[in-house]
Amino acid sequence: MELAYIPSPSSGVLYLGPVPLRGYAFCIIIGVFVAVWLGNKRWIARGGRAGTVADIAVWAVPFGLVGGRLYHVITDYQLYFSEGRDWVDAFKIWEGGLGIWGAIALGALGAWIGCRRRGIPLPAYADAIAPGIAIAQAIGRWGNWFNQELYGRATDLPWAVEITSSADGRMPGTYHPTFLYESLWCIGVALLVIWADRRFTLGHGRAFALYVAGYCAGRFWIEYMRVDEAHHILGLRLNNWTAVLVFLLAVLYIVLSARKRPGREAVVEPGAGDGEGPAADAGQTDGDAAGKDASAEDATTEDATDTDDATDTDDAGKPGRSEKPDESEGPAEPEESKDGAGSAKKA
């Protein structure tokens with residue numbers, strides 16, 4: 001007897017008048033905003049300018065969407081080009097179907113273009129946005145819940161997801177919510193990367209490589225639970241083999257990069273110290289201190305000048321006694337008259 005389960009929405013689309021609001025698209029958009037927001041905070045903390053992450057995301061996000069869709073259409077071509085299918089559906093991205101492998105690969109190309117235009121090293125940018133990408137994936141996976149897709153084997157666990165749709169070969173029932181498993185795993189990967197980045201001062205792309213390796217480790221067992229149609233090679237789903245290969249490449253990169261370029265980049269964005277960010281604030285503080293010292297020095301010099309002027313002039317602005325003796329008092333006596341003038345006269 002089913003005591004509890006996660007209900008699926010009756011529809012993945014809400015209508016605001018004639019405008020359709022699709023849950024899948026909303027999850028993707030929210031994920032992108034969160035990734036840019038977190039990436040911006042991390043970029044500033046590493047010495048970059050505010051807004052740079054968003055500027056480069058203008059290149060990375062469209063490339064990533066195209067890459068994700070291409071990977072999905074190529075690896076699941078039978079859904080669009082087999083008999084009885086309409087190839088136009090391959091362009092309906094709002095109905096679901098984004099391959100993370102293609103999204104990261106082509107998204108990296110877009111990010112490289114944006115970084116190159118700004119003179120920024122791509123590995124430093126990738127390190128800054130790595131946890132944000134993982135969180136964006138965690139949010140984006142809930143788009144699969146709206147579309148009632150990417151679930152696992154049948155189960156009666158209390159957290160099973162209820163599938164009510166029978167479209168595209170679905171069988172109504174309760175199944176493992178693999179979208180939920182992957183969402184929680186991605187949050188864990190994001191926290192792991194943030195912790196490791198602070199603990200080991202990761203740089204030169206190693207934080208991003210850790211995200212890739214961590215995601216692939218989870219994707220392997222989650223993919224193994226899925227029951228939707230997929231191509232198999234030697235008994236494993238295609239995405240299982242992809243996860244294994246990418247995991248090994250990521251680990252290899254971490255090892256080789258740590259040997260060749262240990263530590264972290266000293267400068268992530270040329271000229272960032274002249275604009276916003278910690279470097280600029282530090283420079284501004286030093287400048288303020290120097291300005292205060294200069295002001296104090298000028299004030300001291302001014303006071304000394306005023307004192308000299310006060311000695312040389314009286315209140316009326318006339319020369320004082322220290323500058324010229326008063327003629328009405330007669331000529332000034334020689335110095336010797338004060339000591340020995342009397343004795344000289346007697347002699």
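In what follows, every heavy atom counts, from backbone to side chain, and hydrogens, waters and symmetry copies are set aside.
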Check: Between Trp195 and Phe200, is a ring pair (Phe, Tyr, Trp, His ring centres under 6.0 Å) present by the stated rule, with each step listed?
Finding: CA-CA 8 Å; Trp195 170 82; Phe200 302 106; 5.7 Å; yes
Checklist line | Tyr77/His72 aromatic ring centres below 6.0 Å | finding: no
Checklist line | Donor + acceptor pair across side chains of Glu223, Asn240 (<3.5 Å) | finding: no
Check: Quick one: which of Arg153, Arg237, Arg170 gives a salt bridge (charged side-chain N to carboxylate O under 4.0 Å, His left out) with Asp228?
Finding: Arg237
Checklist line | Intermediate values then yes/no, salt bridge (Lys or Arg N to Asp or Glu O under 4.0 Å), Arg117 and Asp55 | finding: CA-CA 10 Å; Arg117 290 167 59 89; Asp55 292 342; over 6 Å; no
Notebook entry, point to check: Does Val73 share a hydrophobic cluster with Leu65, counting links as ILVMFWY side-chain heavy atoms below 4.5 Å and allowing steps through other members?
Noted result: no
Checklist line | Ring centroid separation Tyr24 to Trp145 under 6.0 Å | finding: no
Notebook entry, point to check: Taking it one step at a time, do Asp197 and Arg42 satisfy salt bridge (Lys or Arg N to Asp or Glu O under 4.0 Å)?
Noted result: CA-CA 11 Å; Asp197 194 25; Arg42 288 172 52 81; 2.8 Å; yes
Note to self: Tell me the closest heavy-atom pair linking Ile6 and Trp159, and the distance in Å.
What the structure shows: CD1-O, 3.3 Å
Checklist line | Shared hydrophobic cluster for Leu150 and Met171 (ILVMFWY, side-chain gaps under 4.5 Å) | finding: no
Next item on the list: Check the angle between the aromatic planes of Trp87 and Phe91 and answer parallel, tilted or perpendicular using the 30° and 60° thresholds.
Entry: perpendicular
Margin query: Less than 3.5 Å apart, any donor N or O on the side chain of Tyr151 or His176 sitting next to an acceptor on the other?
Written below: no
Notebook entry, point to check: For Glu269 and Arg46, what are the C-alpha separation, side-chain angles and deciding distance, and is it a salt bridge (Lys or Arg N to Asp or Glu O under 4.0 Å)?
Noted result: CA-CA 9 Å; Glu269 185 169 3; Arg46 297 189 69 167; over 6 Å; no
Next item on the list: Classify the side-chain pair Tyr175/Gln148 by whether it contains a donor and acceptor separated by less than 3.5 Å.
Entry: no
Notebook entry, point to check: Can Ser257 and Arg206 be counted as having a side-chain donor-acceptor contact under 3.5 angstrom?
Noted result: yes
